[in-house]
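Input: a single structure, listed below in structure tokens.
This chain uses plain numbering: 1 for the first residue, then up along the sequence.
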Amino acid sequence: MARVLIIEKRGGIRKLIERRFSDRVSVEAVTDIGLSAEKVSASKYDLVICDVNGRVAERLKVVHALQKLSWQHPNSKVLIVSDSAEPPLASIAAKSYQWIQRPIPDVDLGALIGAVLEINPDTDNSDLRNPELLIPTEFEGILAISLPMRAVIQQVIEAASVDAPVLITGESGTGKDLVAAAIHRRSDRKTYPYVPVNMGAIPYELIASELFGHEKGAYTGASETHKGFFEQAHGGTIFLDEITTMDEKLQVSLLRALETKTIHRVGGNKDVEIDTRIIAATNEQIEETVKARRLREDLYYRLDVIRIHLPPLRERSGDISFLTNHFISRFDAMYKKAIRLASREIYQLLRSYPWPGNVRELKNVIQRAVVMAPGAELTPDLLPARILEVSAQNRESQTAASIIHVGMSLAEAEKTLISMTLSSVG
């Protein structure tokens, strides 16, 4: 059973943990940071959570105390929850805690805590040596725990600090739309409109009109002047998803908008000035689309000022447990279920699956499992057959690998594989 020490005066975090993890977590609580040192010296804790507020000097004092505690007990994770911003810590060389600023919904905070406890169920777990297993992070709706996604969050912060085009790449379902929205919300343009556009979803004959607008009478049915997405996003950001689906004529118009900061409405005879930041995204190998001349090279260079690549979920397995806990909490509340835990086998099955649909697929799988769950526990039979089949195939491969070994003759290996095949198909 995981051990958690809570340092708080209000008692809200303790109630949250006891409500959500009552049968898997042993909770102790103190009201003062000074008492925590005595507690940690006497016992080992998987997680120390501190609710801290007050003036900067008070927050900094607490942080220094928790920093010292973490250095003395490196197996104890430290999570700080506060209504206030993190104080400046320029004098501290390395952070050994995670700062979470409210507001954060209870379901998300519960998911954060659950991810840490699932990753670190006891202090003898060898996974503690894995640098991927860190306290999770929530940033502008982006949930992450793995090092690759932490690097993405850092890139988002850097991209938001400058006013330049951004190109986001990554497979479908990795969260490119979340990254684009996060860049806008952290930028100086955040008080102006954010207009997301899925280029692949707009009928071909309407793309130019939807993007750049049209004048009254420009074509049959154009009964009044229409401002396109670029004008609607004036002062703010336009997000062009599936950028490689544009035809060459539209690419020329987009290149002109980037270079001159003006657009030309369909049927119009004058330029319209725009002040709109462009963020583009694609799920294709964009260099290959340029080589195949499906994307103009000059437009590619204009868009590729800042590049952010989102790794697929299969390359950041450390995020799977964290995201699973988050989605369980979210859908449990949405559908008013009473799910309190997921079996350990669930996590093992999810981590062994390659997730071609990435986070979107994982979200749908957990939503289905929560809806179909008859009781308080998620069990493997609630997962789709494709996930169970992959796990079975992995076990067969491991079995074959253990039977066929170095030094075995080709004839012996062939005989063994044939026997295994006959056995598996009856």
Side-chain angles (χ1 to χ4, degrees), residues 1-3 20-25 46-47 75 77 110-136 143-149 171 173-174 311-332 337 339-403 420 424:
M1 180 175 286
R3 294 175 59 81
R20 177 134 180 82
F21 308 106
S22 60
D23 56 346
R24 290 186 292 168
V25 175
D46 299 292
L47 176 62
N75 286 340
K77 310 289 188 196
L112 292 172
I113 296 168
V116 175
L117 298 179
E118 197 279 324
I119 289 167
N120 180 16
D122 57 71
T123 55
D124 295 327
N125 193 330
S126 61
D127 284 345
L128 287 172
R129 294 188 293 271
N130 186 342
E132 293 266 319
L133 305 183
L134 304 170
I135 295 287
L143 302 172
I145 191 173
S146 64
L147 294 179
M149 283 306 296
E171 295 178 7
T174 50
L313 189 56
R314 62 182 174 275
E315 293 180 6
R316 46 187 177 101
S317 59
D319 284 330
I320 293 175
S321 297
F322 172 46
L323 291 168
T324 297
N325 287 344
H326 169 75
F327 292 137
I328 290 173
S329 297
R330 177 176 173 180
F331 293 121
D332 181 64
K337 306 283 281 190
I339 295 169
R340 298 171 60 191
L341 58 97
S343 70
R344 185 165 295 275
E345 189 178 355
I346 283 271
Y347 294 102
Q348 294 170 348
L349 289 167
L350 295 179
R351 283 195 289 262
S352 68
Y353 183 68
W355 297 108
N358 293 291
V359 179
R360 185 184 295 122
E361 184 183 7
L362 174 62
K363 177 183 175 182
N364 293 338
V365 164
I366 300 303
Q367 182 177 13
R368 173 185 182 273
V370 169
V371 169
M372 299 298 292
E377 181 179 5
L378 292 188
T379 51
D381 59 290
L382 298 170
L383 298 179
R386 64 182 184 276
I387 295 177
L388 303 178
E389 289 169 1
V390 167
S391 178
Q393 291 168 5
N394 289 341
R395 285 196 297 269
E396 289 178 6
S397 298
Q398 292 169 1
T399 301
S402 62
I403 294 174
M420 290 175 59
S424 68

If you measure from CG on L323 to NZ on K363, what distance do you get to the nearest 0.5 Å?
11.0 Å

What residues, two or more places apart in sequence or in another chain, satisfy side chain to side chain donor-acceptor pair (under 3.5 Å) together with T379?
D381

Run the side chain to side chain contact (heavy atoms under 4.5 Å, CB included) check on R368 and N364 step by step: do they pass?
CA-CA 6 Å; R368 173 185 182 273; N364 293 338; over 6 Å; no

How many angstroms lie between atom OG of S343 and atom CD of E377, to the nearest 0.5 angstrom?
5.5 Å

Taking every heavy atom of E171 against every heavy atom of P356, the minimum-distance pair comes out as OE1-O, 4.2 Å

Show the numbers, then the answer: is there a side chain to side chain contact (heavy atoms under 4.5 Å, CB included) between V365 and R386?
CA-CA 11 Å; V365 164; R386 64 182 184 276; 3.6 Å; yes

Under the side chain to side chain contact (heavy atoms under 4.5 Å, CB included) rule, what do F327 and V359 come out as? Steps first, then yes or no, please.
CA-CA 10 Å; F327 292 137; V359 179; 4.0 Å; yes

Output for pair (L313 CG, I320 CD1), nearest 0.5 Å, gives 4.5 Å

Answer whether the closest heavy-atom distance between the side chains of W355 and I387 falls below 4.5 Å.
yes

Any donor-acceptor pair under 3.5 Å linking the side chain of N358 with the backbone of P312?
no

Rounded to the nearest 0.5 Å, what separation is found between the CZ atom of F331 and the CD1 atom of I339?
11.0 Å

Measure the spacing between OG of S352 and CG of L388 and express it to the nearest 0.5 Å.
9.0 Å

Just by distance, do the side chain of R316 and the backbone of P311 share a donor-acceptor pair under 3.5 Å?
yes

Looking at K337, I'd like to know if its NZ atom is crowded, meaning that more than 12 non-hydrogen atoms belonging to other residues, nucleotides or ligands lie closer than 6.0 Å.
yes

Gap between atom CZ of R314 and atom CG of D319 - 0.5 Å precision:
14.0 Å

Stepwise side chain to side chain contact (heavy atoms under 4.5 Å, CB included) test for L350 and L383
CA-CA 9 Å; L350 295 179; L383 298 179; 4.1 Å; yes

Should L378 and Y347 count as side-chain neighbours, where that means a heavy-atom distance under 4.5 Å?
no

